[in-house]
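Both counts, for ligands and for their atoms, begin at 1 and track the order of listing. Residue numbers run from 1 in the order of the sequence given.
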Amino acid sequence: MVNETRVYLIGMPGAGKTTLGRALATCLEMPFRDLDEEIVAQEKRSIPDIFAAEGQDYFREVEAAVLRIVAANQPRMVLATGGGTPCFHQNMDFLLATGTPLYLAVSVPELVQRLRLSLSRRPLLTDIPDEKALTAHISETLALRQQFYDRAPLRCEGTCTVEAMWRLLHMYYTTC
Ligand SMILES: Nc1ncnc2c1ncn2[C@@H]1O[C@H](COP(=O)(O)OP(=O)(O)OP(=O)(O)O)[C@@H](O)[C@H]1O
Ligand SMILES: O=C(O)C1=C[C@@H](O)[C@@H](O)[C@H](O)C1
Ligand SMILES: [Mg+2]
């Protein structure tokens, strides 16, 4: 039953949506899609280039449109969403209506350690000077996003694994 649905991985940048999503899809023998990659393919430019040329509002419109197109084309898949996806254009309502959102809940210090090395390719993090500022930024962003992430029916805490996600999904589908 798990593999007849759309599993939507949501969570902060660095939570592991792409890395774990790919592995979960292999384990479930389901197609894997990454919303950021779909946006890059549709726009034929990188995410930092989209933000720089058009700004965040445009990016969020494209993100919402591509989400709906990918879902329409894929009745079963594991989809790694973007970090901000659930927070714009009623996307969280859409995710809940069309599949099973699973929130990867990772602590701020762990996110900071993972994101530290990749700031330059993340358009919302490029101007952050040091680890203290990064910690403050991640904490503030998470505080704003938490209300959206918390609507997910499934939540994997800490250093999540494919096995832990599989167990959550399996329990959810056998009890619902
Ligand atoms: N469970 C994990 N334990 C340790 N490191 C991890 C784990 N999951 C992901 N990472 C590492 O954290 C970094 C970010 O992972 P990933 O790109 O999958 O996150 P993401 O949620 O897709 O982020 P984004 O929203 O920016 O696309 C990568 O360097 C990855 O190797
Ligand atoms: O957290 C965010 O708002 C973002 C996360 C990335 O996945 C990309 O979707 C983009 O860089 C925006
Ligand atoms: Mg990703």
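Side-chain atoms of Thr85 and Asn91 include no donor-acceptor pair closer than 3.5 Å. Residues Tyr103 and Glu157 bring no donor and acceptor atom of their side chains to less than 3.5 Å of each other. Under 3.5 Å, the side chains of Glu131 and Gln113 contain a donor-acceptor pair of N or O atoms.
Remark: ligand 1 atoms within the under-4.0 Å shell around heavy atoms of Met12 are 21 (O). Below 4.0 Å from some heavy atom of Gly83 lie the following atoms of ligand 1, by number and element: 25 (O). Residue Pro13 approaches ligand 2 through these ligand atoms, each under 4.0 Å from one of its heavy atoms: 1 (O). Atoms of ligand 2 lying under 4.0 Å from any heavy atom of Gly84, numbered from 1 in the order shown and given with element: 1 (O), 2 (C), 3 (O). Distances below 4.0 Å separate heavy atoms of Gly82 from the following atoms of ligand 2: 7 (O), 9 (O).
Because the distance cut-off is set at 2.8 Å, Thr18 qualifies as a neighbour of the Mg ion (ligand 3) through one of its N, O or S atoms.
Of the candidates Ile50, Asp36, Leu35, the one placing a heavy atom closest to atom 7 (O) of ligand 2 is Asp36. Remark: among candidates Glu63, Arg60, Gln56, the nearest residue to atom 3 (O) of ligand 2 is Arg60, based on non-hydrogen atoms.
Polar contact check, Lys17 against ligand 1: a nitrogen or oxygen pair lies under 3.5 Å apart. Any N or O atom pair closer than 3.5 Å counts here, and Thr18 shares at least one such pair with ligand 1. Residue Leu20 places no N or O, backbone or side chain, under 3.5 Å from any N or O of ligand 1. Considering backbone and side-chain atoms together, Gly16 places an N or O closer than 3.5 Å to an N or O of ligand 1.
For the atom pair CG (Leu24) and CG (Leu9), the distance works out to 6.5 Å, reported to the nearest 0.5 Å. Here Leu102 contributes atom CG and Arg155 contributes atom CZ; the two are 11.0 Å apart, rounded to the nearest 0.5 Å. Note: Gln74 CD to Glu38 CD = 8.0 Å, rounded to the nearest 0.5 Å. Atom CD of Glu43 is separated from atom CD1 of Ile50 by 4.5 Å, given to the nearest 0.5 angstrom. From Trp166, atom CH2 reaches atom SG of Cys156 across 14.0 Å, with rounding to the nearest 0.5 Å.
Protein heavy atom in closest approach to atom 28 (C) of ligand 1: Thr19 OG1, 4.5 Å. The shortest contact between atom 27 (O) of ligand 1 and any protein heavy atom is with Asp36 OD2, 3.7 Å. Scanning all protein heavy atoms for the shortest distance to atom 26 (O) of ligand 1 gives Arg122 NH1, 2.3 Å. Protein heavy atom closest to atom 5 (C) of ligand 2, with residue, atom name and distance, is Gly83 N, 3.4 Å. Among protein heavy atoms, atom 29 (O) of ligand 1 sits closest to Arg114 O, 4.9 Å.
Contact check on Asp34 versus Arg22 returns no salt bridge, with no Lys/Arg side-chain nitrogen under 4.0 Å from an Asp/Glu carboxylate oxygen. Under a 4.0 Å N-O distance rule, the pair Glu163/Arg167 does not qualify as a salt bridge.
For atom 8 (N) of ligand 1, a protein non-hydrogen atom is found at a distance below 4.0 Å.
Proximity of Arg145 to ligand 2, defined as any heavy-atom pair under 4.0 Å, is confined to the side chain (atoms from C-beta onward).
A donor-acceptor contact shorter than 3.5 Å links the side chain of Thr174 to the backbone of His170.
Closest non-hydrogen pair, Ser139 versus Val108, comes out as OG-CG1, 3.6 Å.
Ligand 1 does not have Gly11 within reach: every non-hydrogen atom of the residue lies 4.0 Å or more from it. The closest approach between a heavy atom of Cys160 and any atom of ligand 1 is below 4.0 Å.
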